Undergrad: 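Sharing a structure below in structure tokens format, with a few things to ask.
Note that ligands are numbered from 1 as they come in the structure, with each ligand's atoms numbered from 1 the same way. Count residues from 1 along the sequence. All values reported here derive from a predicted model rather than from experimental measurement.
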Amino acid sequence: MSNIELNQAQETTLSRDFTTLTRHVLSQSGDFSADAYDLSLLMGRIALAGKMIARELSQAGLAADALGVTGEINVQGEAVKKMDQYANRVFIRAFEQSGLVCRLASEEMEKPYYIPENCPIGRYTLLFDPIDGSGNIDTNLAVGTIFSIRQQQGIDETGEALDLLQSGHQQVGAGYVLYGSSTMFVYSIGKGVHAFTLDPSLGEFILSSENIRIPDHGSTYSINEGNFWQWDEGMREYIRHVHKQPGYSARYSGALVADIHRILFQGGVFLYPGSQGHPDGKLRLLYESAPLAYLITQAGGKATTGTEAILDVIPDRLHARTPLIIGSTKDVDLVLSFLQTRANG
Ligand code: AFP
């Protein structure tokens, strides 16, 4: 009988290539129940949307109508980019008639989008920021998509989405897609954080890092220092401290996903504090801060507003904003020590 096995290197490559995203989600769920299949299908649909967005971004400079703004202003009061609109639509189309998700809530839409035909069986709400860092698109820099999965609770006939006004602990999964020098998908369903890299030749996200642990400390601090004089004195004191300390580097890309991805792998801290006139900062709790806090906490890091753990914050409205300090535990604690010293007088 001939040996059906390949050599060791070939077998290793095969094992790696068959560890696709949906297979991984299924194995993480621990059983082959209907719920596990649903979650794996749901993650697969998010990945499909991510691949379509990645494809559109890769050709944006050539397409006639891909770059720039639409002329509309979104619910956040920000100019809508054409890619924001495209990516938002991709998510809606990805979940129509999927039977998976009853409701989609996005940074770009004032109210959640219902998919009534899914609701009898689609028990989830998907919250997402279709293009995080869309200001980077026109200059071909990294951007991302952030997502959060919550269990649908009851029927929301008013469209007020009151059941979503709960803490980040209600998330059953979260993650992001990073459109960088490669396209990556990073997710958690409460059992560690795992990263996948898109293999364009297969059209599949293949496992590239499993059970990622964020370093306790890193040398990067990531903040828009252009706002220095808008912050409280405690935050300014922290920045003065890192300026004087040897070994710190500032890195700020304009896309939260890209900065968080660096910090997840290499450690450090990302900060978007409140400022004069904007005490809650810029970032949206349900679409940005809570999903990333879920991921970073799963990886062993920490996320806080400065006074409260991000995952404990209960929003008072769908598009609520929150200050965000997130990353390696020791680095977040150092920031907190400066804020607390100031607060205590
Ligand atoms: P856009 O999606 O409007 O470009 O905003 C990106 C973002 O929400 C986040 O990804 C960045 O970290 C942050 O805002 C950048 O904001 P500043 O330009 O105010 O630093």
Undergrad: Run the ring pair (Phe, Tyr, Trp, His ring centres under 6.0 Å) check on His261 and Tyr176 step by step: do they pass?
TA: CA-CA 9 Å; His261 191 71; Tyr176 59 77; 5.7 Å; yes
Undergrad: If only side-chain N and O atoms count, and only distance matters, is there a donor-acceptor pair under 3.5 Å linking Thr145 with Tyr179?
TA: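 Result is yes, a qualifying pair exists.
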Undergrad: Of the protein's non-hydrogen atoms, which lies at the shortest distance from atom 19 (O) of ligand 1, and what is that distance?
TA: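 The answer is Tyr272 OH, 2.6 Å.
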Undergrad: Using non-hydrogen atoms of the residue, decide whether Arg284 is closer than 4.0 angstrom to ligand 1.
TA: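 Yes, Arg284 has heavy atoms under 4.0 Å from ligand 1.
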Undergrad: Which of the atoms of ligand 1 are close to Gly254, meaning less than 4.0 Å from one of its heavy atoms?
TA: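 Listed by number with element, the hits are 6 (C), 10 (O), 11 (C).
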Undergrad: Please report the interatomic distance CD(Glu225) to NE2(His243), rounded to the nearest 0.5 Å.
TA: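 Glu225 CD to His243 NE2: 3.5 Å, rounded to 0.5 Å.
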Undergrad: Going by distance alone, is a donor N or O of one side chain under 3.5 Å from an acceptor N or O of the other, for Ser275 and Asn227?
TA: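 Their side chains do not contain a donor-acceptor pair, so the 3.5 Å distance test is not met.
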Undergrad: How close do Val177 and Val257 get, heavy atom to heavy atom, and via which atoms?
TA: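 In terms of heavy atoms, the two residues are closest at O-CG1, 4.0 Å.
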Undergrad: Can you tell me the protein heavy atom closest to atom 8 (O) of ligand 1 and the distance?
TA: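 The protein heavy atom lying closest is Glu288 OE2, 3.2 Å.
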Undergrad: How far is atom 1 (P) of ligand 1 from its nearest protein heavy atom, and which residue and atom name does that atom have?
TA: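 Protein heavy atom at minimum distance: Ser134 N, 3.7 Å.
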Undergrad: Any N or O of Leu256 that comes nearer than 3.5 Å to an N or O of ligand 1?
TA: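 Min N/O separation from ligand 1 is below 3.5 Å for Leu256.
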Undergrad: May I ask you to identify the nearest protein heavy atom to atom 4 (O) of ligand 1, giving residue, atom name and distance to one decimal place in Å?
TA: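 Ranked first by proximity to atom 4 (O) of ligand 1 is Gly135 N, 3.0 Å.
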Undergrad: Decide, yes or no, whether a salt bridge links Arg150 with Asp163 under the criterion of side-chain N to carboxylate O below 4.0 Å.
TA: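 Looking at Arg150 and Asp163, the cut-off is not met.
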Undergrad: Using a 4.0 Å cut-off to any heavy atom of Phe270, which atoms of ligand 1 qualify?
TA: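 Contacts of ligand 1 toward Phe270, numbered from 1: 12 (O).
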Undergrad: Which of the numbered atoms in ligand 1 are under 4.0 angstrom from any heavy atom belonging to Ala255?
TA: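 Every atom of ligand 1 under 4.0 Å from some heavy atom of Ala255: 10 (O).
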Undergrad: How far is atom 10 (O) of ligand 1 from its nearest protein heavy atom, and which residue and atom is that?
TA: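 In this structure, atom 10 (O) of ligand 1 has Asp132 OD1, 2.6 Å as its nearest protein heavy atom.
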Undergrad: Check the pair Asp35, Arg123 against salt bridge (charged side-chain N to carboxylate O under 4.0 Å, His left out), reporting the backbone distance first and the verdict last.
TA: CA-CA 10 Å; Asp35 279 355; Arg123 299 176 306 280; 2.9 Å; yes
Undergrad: Suppose we measure from atom 16 (O) of ligand 1 to each protein heavy atom; which comes out shortest, and what is that distance?
TA: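 Here the closest protein heavy atom is Lys282 NZ, 3.0 Å.
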Undergrad: Can we say Arg240 and Glu233 salt-bridge, meaning some charged N sits less than 4.0 Å from an Asp/Glu carboxylate O?
TA: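 Yes, Arg240 and Glu233 are salt-bridged.
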Undergrad: How close does the nearest protein non-hydrogen atom get to atom 20 (O) of ligand 1, and which residue and atom is it?
TA: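 It is Tyr252 OH, 2.5 Å.
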Undergrad: Is there a nitrogen or oxygen of Gly133 sitting under 3.5 Å from a nitrogen or oxygen of ligand 1?
TA: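 In this structure, Gly133 places an N or O atom under 3.5 Å from an N or O of ligand 1.
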Undergrad: Mind checking whether Leu283 contacts ligand 1 via backbone (N, CA, C, O), side chain (CB onward), both or neither, at a 4.0 Å heavy-atom cut-off?
TA: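 Near ligand 1, Leu283 shows its side chain, while the N, CA, C and O stay back.
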Undergrad: With the threshold set at 4.0 Å, does a side-chain nitrogen-carboxylate oxygen contact exist between Asp199 and Arg16?
TA: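 Judged by the 4.0 Å cut-off on N to carboxylate O distance, Asp199 and Arg16 do not form a salt bridge.
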